[in-house]
Amino acid sequence: MYEILVTGGAGFIGSHFVRRILRRDDVSRVTVLDALTYAGHTGNLGEALLDPRLVFVHGNILDAPLVDELMARHTAVVHFAAESHVDRSLTMADSFLMTNVLGTQTLAASAGRHGIAEFVHVSTDEVYGSLAEGSASEDTPLRPGVPYAASKAASDLVALSHFQTYGLPVCVTRSSNNYGPHQFPEKVIPLFTTRLLQGEKVTPHGQGQHVRNWLHVEDNCAGIELVLRDGKPGEIYNLGGGTDLTVRDLTVKLLALCGKDWDSVTCIPDRQANDLRYSMHWDKIAAIGFRPARDLDEGLAETVDWYRHNPDRWAPLTRTPYAARITDAIAPAGEEACAH
Ligand code: NAD
């Protein structure tokens with residue numbers, strides 16, 4: 001039986017994972033440890049909160065005594081907790097290093113002390129940096145281009161060092177950009193969707209030429225579950241297989257789904273650092289059975305529908321002082337002609 005400590009389980013991906021893992025009969029306990037930063041919300045866990053196997057603990061992964069106390073009651077760790085938004089990392093990198101690097105060290109050290117049998121560290125394709133051409137495999141050198149990616153790359157190395165040094169059975173997953181319901185409206189899909197639904201303009205950086213691979217959050221969670229079950233300790237698994245699309249083409253799709261046209265678009269100068277393209281090989285995880293199941297157009301339609309029907313979940317967030325407006329705050333001032 002699995003007794004799983006899930007860090008960051010009130011965030012976007014972590015909450016999808018918790019709901020998914022609770023469908024399994026061989027899971028007897030799931031503890032969510034989450035600091036409920038601006039990005040975390042217990043409402044993301046929905047009906048899972050009623051499951052008697054779920055315990056929610058409001059706390060910080062940097063709190064070593066608390067982490068030790070919780071670790072003693074679990075057999076596995078799936079570690080999502082992180083500062084996760086690139087734009088924020090450009091102006092507040094310290095908190096990224098604290099949570100993402102030192103937080104991972106705190107968890108891994110405690111996991112080692114308590115003989116944890118599986119430790120899945122959830123990471124990102126952004127650690128490989130921008131690739132002009134080709135795709136990164138798991139042994140491609142890390143060239144993170146922005147503070148968020150640097151903090152994740154460092155956290156991957158910290159986690160893996162606990163395998164090398166102490167034999168902690170760590171696996172690392174590196175996924176491409178996730179999308180789906182319940183995402184905080186700061187990353188491009190929920191940000192643009194919520195703006196369009198409110199009748200506001202959306203603002204691609206530059207000419208929206210940046211390419212990302214879009215993976216449905218449920219596909220990522222299926223991959224993480226697979227690695228938890230069948231991953232080989234000490235290994236890294238790229239979790240790609242979504243759809244490559246420029247931000248510009250993505251914007252066109254979101255305009256159509258929200259019933260808007262190009263008049264709702266104002267291009268702004270590119271931000272200070274913006275990796276042009278990410279791309280990964282994912283044959284290693286495919287070899288242990290991973291197959292992404294979600295079509296991008298269907299997944300986007302379902303995602304936009306969720307935002308359309310749940311304004312109570314996101315509209316208050318767009319009115320907070322932090323709001324989702326940081327994305328504009330870090331862009332150089334001005335507008336650019338936005339050809340279409
Ligand atoms: P998110 O920002 O939605 O959620 C992060 C969660 O971690 C929040 O619930 C927050 O309250 C919690 N948290 C933050 N600091 C904490 C701390 N010190 N102690 C305890 N809890 C803390 O992030 P997400 O998009 O769900 O990403 C989850 C993980 O997946 C992250 O590690 C991220 O780097 C990685 N990832 C995300 C994407 C993506 O597209 N969103 C892609 C690849 C990898």
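Only heavy atoms go into these numbers, but all of them, side chains included; no hydrogens, no water, no symmetry mates. Atoms within a ligand are numbered from 1 in the order they appear, just like the ligands themselves. Being a predicted model, the structure only gives us computed values, none of them experimental.
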Protein heavy atom at shortest distance from atom 17 (C) of ligand 1: Asn60 OD1, 3.6 Å
Taking atom 40 (O) of ligand 1 as the reference point, the nearest protein heavy atom with its distance: Asn178 N, 2.8 Å
Single-linkage hydrophobic cluster, 4.5 Å side-chain cutoff, Val202 and Trp214 together: yes
His210 backbone acceptor or donor facing Thr246 side chain under 3.5 Å: no
Check: Asn238/Tyr128 side-chain N/O donor and acceptor closer than 3.5 Å: yes
Flag if over 12 foreign heavy atoms under 6.0 Å of NZ, Lys201: yes
Identity and separation of the nearest protein heavy atom to atom 21 (N) of ligand 1: Ala35 N, 3.0 Å
Pairing of Arg229 and Glu118 as salt bridge, 4.0 angstrom limit: no
Nearest non-hydrogen protein atom, atom 41 (N) of ligand 1: Ile13 CD1, 3.7 Å
Presence of salt bridge, Arg212 and Asp125, under 4.0 angstrom: no
Within-cut-off N or O pair, His41 and ligand 1, under 3.5 Å: no
Residue, atom name and distance, where the atom is the protein heavy atom closest to atom 8 (C) of ligand 1: Asp34 OD2, 3.6 Å
Min side-chain heavy-atom separation Lys284-Phe290 under 4.5 Å: no
Check: Ser161 side chain, Val158 main-chain N or O, donor-acceptor pair, under 3.5 Å: yes
Closest to atom 14 (C) of ligand 1 among Ala82, Gly40, Ala81 (heavy-atom distance): Ala82
For atom 36 (N) of ligand 1, the option (of Tyr148, Phe12, Phe184, Tyr179) bearing the nearest heavy atom: Tyr148
Under 4.0 Å to a heavy atom of Ser123 - the qualifying atoms of ligand 1, by number: 43 (C), 44 (C)
Which residue and heavy atom of the protein sit nearest atom 1 (P) of ligand 1, plus the separation: Ser84 OG, 3.5 Å
Ligand 1 to Lys152 polar contact by distance, N or O atoms, under 3.5 Å: yes
Ligand-side contact atoms (ligand 1) for residue partner Asn177, heavy atom cut-off under 4.0 Å: 40 (O)
Ala10 neighbourhood, listing ligand 1 atoms whose heavy-atom distance to it stays under 4.0 Å: 9 (O)
Test of proximity, Thr99 against ligand 1: N or O pairs below 3.5 Å: yes
Ligand 1 to Phe80 polar contact by distance, N or O atoms, under 3.5 Å: yes
Closest protein heavy atom (residue, atom, distance) for atom 42 (C) of ligand 1: Ser176 O, 3.4 Å
Residue Leu36 vicinity, atoms of ligand 1 by number, heavy atom under 4.0 Å: 11 (O)
Residues Lys253 and Asp297 bridged, charged N to O under 4.0 Å: yes
Output field: ring centroids His216/Tyr179 closer than 6.0 Å: yes
Derivation and outcome, ring pair (Phe, Tyr, Trp, His ring centres under 6.0 Å), residues Phe80 and Phe17: CA-CA 10 Å; Phe80 294 93; Phe17 180 81; 5.4 Å; yes
Salt-bridge criterion met for Arg174 and Glu126 (N-O under 4.0 Å): no
Polar proximity ligand 1 side, Ala39 side, N/O cut 3.5 Å exclusive: no
Close approach of Gly9 to ligand 1, heavy atoms, under 4.0 angstrom: no
Heavy-atom nearest neighbour in the protein, as seen from atom 4 (O) of ligand 1, with distance rounded to 0.1 Å: Gly11 CA, 3.4 Å
Distance-only N or O hit between ligand 1 and Thr37, under 3.5 Å: yes
Distance filter under 4.0 Å to Val122 heavy atoms, resulting ligand 1 atoms: 30 (O), 32 (O)
Ring-face cation contact, Tyr38 with Arg88, 6.0 Å cut, 45° max: yes
